[in-house]
Amino acid sequence: MPLLATLPGTMPTRASQLFLPTLRDDPAEAEAASHRLLLRAGLIRQVGAGLYSFLPAGWRIHQKVVQIIREEMDAIGGQELLMPLLTPAELWQKTGRYGVSELYKLNDRNERPFVLAMTHEETVTFHATELNSYKQLPQIWYHFGTKARDEPRPRAGLLRVREFIMKDSYSFDRDEQGLDVSYWKHAEAYRRIFDRCGLEYYECESDVGLMGGSLAHEYLAPCDAGENEVALCDRCDYSANVEVASSVAAAPAFAPSREQPEEIETPNATTIDALAALLGIDPRTTSKAMPVVGPDGQLVLGLVRGDHRLHELKLQKALGGEFRPAHPDEIRTAFDADGGSLGPVGITIPIIADETLRTGNYVAGANRNGWHLLGVEAGRDYQARFADIREVSAGEGCPRCGGTLRIEPAIEIGNIFKLGTRYSVPLGAQFLDEAGEQRPLVMGSYGIGPARTLAAVIEQHNDDKGICWPAAVAPWHVHIVAMNAAGEEVVAIAEQVSAAVEAAGHTVLLDDREKRPGEKFADADLLGCPVRITVGKKTLEDGAVDVKLRATGEEGRVAVAAVPARVGELLR
RNA sequence: CGGGGUGUGGCGCAGCCUGGUAGCGCGCUCCGUUCGGGUCGGAGAGGUCCCCGGUUCAAAUCCGGGCACCCCGACCA
């Protein structure tokens, strides 16, 4: 065996000894591209629903992503630490999150209640109580910590799981201005991280949720398997999760305005489609009424244009809390009519109407079964509170520039969030300012899931043969295929090339297995290291090897001595 | 939580309706062959048929209950 190959630090990974169980067939359970390829390439294995082990090659990739995140977090002054998964229930009781349904709860042998952390705001704020002075601020702390979440439905391999490692960081500032600085520092770090990972992504303003923050962005990587939908403008850089996106709906041609609404008999027309067909009108000139019971227990009528869909989250925000659809008997009592014939005219319950309905005249339910009203106008025929409560749909106008919106699926790979004092107040994390006054720390929290990031990379970088890793996150830079591995000369040259490539600073997987060429090539394509080098009799006749770029398929013969330089060029 | 589906060697599946010998392809081991895109031939190893209960002389198969996993939806700090 050549001496070089035995020296520490110059050992390539040998495929003959590597636990890399690639699969020839697609696993039956895998639907999403990343899920299928992670399993087939031998990178992960499922242990239970939403529970995965990273196999050696997969873990290398995870570590690559982690290291990129670490470098960029350190670059903005982050300090790495580590917090436990198992946490006392008391912390969660103090912040009011003990009731969250995703929390895994358990008791110790003394029946003391514990929680498996789903995120670490509670724990980190507990530590932040040791920050005492404005002189110590700002601080950014981060860790790669395991999170456990009792997800209602884990899915698509690593895209939604019940246990995962998350880079979560937390900033502590004296005031909103300070928080703003920490927040945008994170945004910059996140852009660098995802750029380095080779991801296409959108930085979107997102919903602050029920956590009561003041600003949040999420980083969404477009891909078919995504669980989120992003609205994107074809003209400007507007991008927003449909949960918060707004749009300009084109106005239809309305019927001529009437002096007052006119009743019309509409037997059996209890859906917008049926109504529009019966009257021969544009569904966009109708309105749709959905009675709901708001957070205070009061009945409220939500009103949107006939062709629009009510957006639950938006209505929830407009109502100030959760709501449910009204029951049929509640509807009967309040409207003296049934669902399908409801409208805003002549009722006493409050109305929340979508902004679109401010102008124009619409066909609306008459609150009399089998009848509708023509020419209903907001303001004249009913009074409503207006709000944006409808879903954005593709083809509508960009709220910023008037361009056309399209909607794409995407996966959330990171988020940044201005928390304010949501956790510092209940957990008593305060500091003393110059004036000697006690003030709560102003916090931000920021998350990235390395595993989800890596899955998103696969979603965006694959072909019919397998994965095409960007060099920065590839398990190895170079995959050397030694043809006819029993041949001594081929093996010797393969090891020599391997050592030279490693000496130039690149990592190598050396396929020294005694397998047929086809199988080795298939595995190399599947695993997707950016550069493949083939050493065989044919190449050695030329004193050369073949160097192939996985992503493009471009291949060329390169003299053995020139290989490190060529590899360097390709990986740049 | 609602709907749909699947549980049979490591992987992908057939067998189940119509009860009786557990089978195919891939992979694995050994021998030979072949050696630049999953070669060919031969010989082998490997299975509580998800679990529990019932019916029956006899259950992978029929019946009851449970569990697990997948997909759709709800949900998703």
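Below, chains carry the letters A, B, ... as their sequence lines are ordered, and counting in each starts from 1.
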Worksheet entry | Span that lies between the C1' atom of B:G47 and that of B:G15, in whole angstrom | 15 Å

Taking a pair to mean Watson-Crick or G-U wobble geometry with both distances below 3.5 Å, B:G73 pairs with B:C1

Sugar-phosphate only, base, or nothing, as touched by A:Thr539 at under 4.0 Å among non-hydrogen atoms:
base

If we only count heavy atoms from C-beta on, is the A:Leu441 to A:Gln139 side-chain gap below 4.5 Å? no

Exercise for the section: Go through A:Thr22 and A:Leu527 one step at a time and tell me if the side chain to side chain contact (heavy atoms under 4.5 Å, CB included) criterion holds. Expected result: CA-CA 9 Å; A:Thr22 56; A:Leu527 183 59; over 6 Å; no

Using atom P in both nucleotides, what's the gap between B:C75 and B:A59 to the nearest angstrom? 48 Å

5' to 3', nucleotides 68-74 of chain B under a 4.0 Å protein heavy-atom cut-off (B base, S sugar-phosphate only, - none) gives -SSSBBB

note: A:Glu102, atom CD; B:C1, atom P; distance rounded to Å ~ 14 Å

Residue set satisfying ring-ring contact (aromatic ring centres under 6.0 Å, His included) with A:His477, at least two apart, ordered chain then number -> A:His506

Residues passing the ring-ring contact (aromatic ring centres under 6.0 Å, His included) test with A:Tyr219, sequence neighbours excluded, are A:Tyr190, A:Phe194

A:Leu20 atom CG is separated from B:C11 atom C1', nearest whole Å, by 15 Å

Next item on the list: Determine the contact category for A:Asn415: base if any of its heavy atoms lies under 4.0 Å from a base atom, sugar-phosphate if only primed atoms, P, OP1 or OP2 are that close, otherwise nothing.
Entry: base

Applying the 3.5 Å cut-off to both distances, the Watson-Crick or G-U partner of B:G44 turns out to be B:C28

query: Just checking A:Lys548: base, sugar-phosphate only, or nothing, at a heavy-atom cut-off of under 4.0 Å?
result: base

Report task. Answer with yes or no whether the side chains of A:Ser16 and A:Asp512 bring together a donor and an acceptor at under 3.5 Å. Result -> yes

Nucleotide by nucleotide, nucleotides 41-52 of chain B touches protein heavy atoms under 4.0 Å in the pattern (B base, S sugar-phosphate only, - none) ------------

With sequence neighbours left out, the residues meeting side-chain hydrogen bond (donor to acceptor under 3.5 Å, both in side chains) with A:Asp388 are A:Lys314

Between A:Thr22 and A:Ser101, whichever has its closest RNA chain B nucleotide further toward 5' is A:Thr22

In whole Å, measure the gap between the C1' atoms of B:G27 and B:C13 for me.
14 Å

* With P as the reference atom in both, quote the distance from B:U6 to B:G46 in angstrom, rounded to an integer. => 31 Å

The complete set of side chain to side chain donor-acceptor pair (under 3.5 Å) pairs with one or both residues in residues 36-57 of chain A, sequence neighbours excluded, reads A:His35-A:Tyr52

note: A:Leu103, atom CG; B:C75, atom C1'; distance rounded to Å ~ 15 Å

Between CE of A:Met166 and C1' of B:C76 the distance, given in whole Å, is 13 Å

Between CE of A:Met483 and P of B:G37 the distance, given in whole Å, is 7 Å

Salt bridge (Lys or Arg N to Asp or Glu O under 4.0 Å) test vs A:Asp523 passes for just one of A:Arg513, A:Lys465, A:Arg24, namely A:Arg513

Here the distance between atom C1' of B:G36 and atom CG of A:Asp523, to the nearest Å, is 15 Å

For B:G23 and B:U29, measure between their P atoms and round to the nearest Å. 23 Å

A:Arg532 atom CZ is separated from B:G36 atom P, nearest whole Å, by 13 Å

Pick out the pairs of N or O atoms, protein on one side and nucleotides 26-30 of chain B on the other, that lie under 3.5 Å.
{"from": "B:C26", "atom 1": "O3'", "to": "A:Arg24", "atom 2": "NH1", "distance (Å)": "3.4"}
{"from": "B:C28", "atom 1": "OP1", "to": "A:Lys515", "atom 2": "NZ", "distance (Å)": "2.6"}

Using a 4.0 Å heavy-atom cut-off, does A:Glu555 contact any base of the nucleic acid, only the sugar-phosphate backbone, or nothing at all?
base

### Message
Does either side chain, that of A:Ser171 or that of A:His186, offer a donor lying less than 3.5 Å from an acceptor on the other one?
### Response
no

Contacts of A:His311 meeting side-chain hydrogen bond (donor to acceptor under 3.5 Å, both in side chains) (sequence neighbours excluded), chain-then-number -> none

The Watson-Crick or G-U wobble partner of B:A68, with both key distances under 3.5 Å, is B:U6

Winner on side-chain proximity to A:Arg40, out of B:G36, B:G38, B:C75, is B:G38

field: P atoms of B:U61 and B:U56, separation to the nearest Å
entry: 16 Å

Next item on the list: Determine the Euclidean distance between corresponding C1' atoms of B:C16 and B:C62; express it in Å to zero decimal places.
Entry: 10 Å

5'-most contact on RNA chain B (nearest-nucleotide basis), A:Asp26 vs A:Arg160, goes to A:Asp26

- In whole angstrom, give me the gap between the C1' atoms of B:C51 and B:U34. 47 Å

For residues 47-59 of chain A, the salt bridge (Lys or Arg N to Asp or Glu O under 4.0 Å) pairs (sequence neighbours left out) are none

From CZ of A:Phe19 across to C1' of B:G10 the rounded distance in Å is 10 Å

With sequence neighbours left out, the residues meeting side-chain hydrogen bond (donor to acceptor under 3.5 Å, both in side chains) with A:Asn228 are none

Residues passing the ring-ring contact (aromatic ring centres under 6.0 Å, His included) test with A:Trp476, sequence neighbours excluded, are none

Pairing partner of B:G23, by Watson-Crick or G-U wobble and under 3.5 Å for both distances, is B:C13

Applying ring-ring contact (aromatic ring centres under 6.0 Å, His included) to A:Trp184 and not counting sequence neighbours gives A:His217

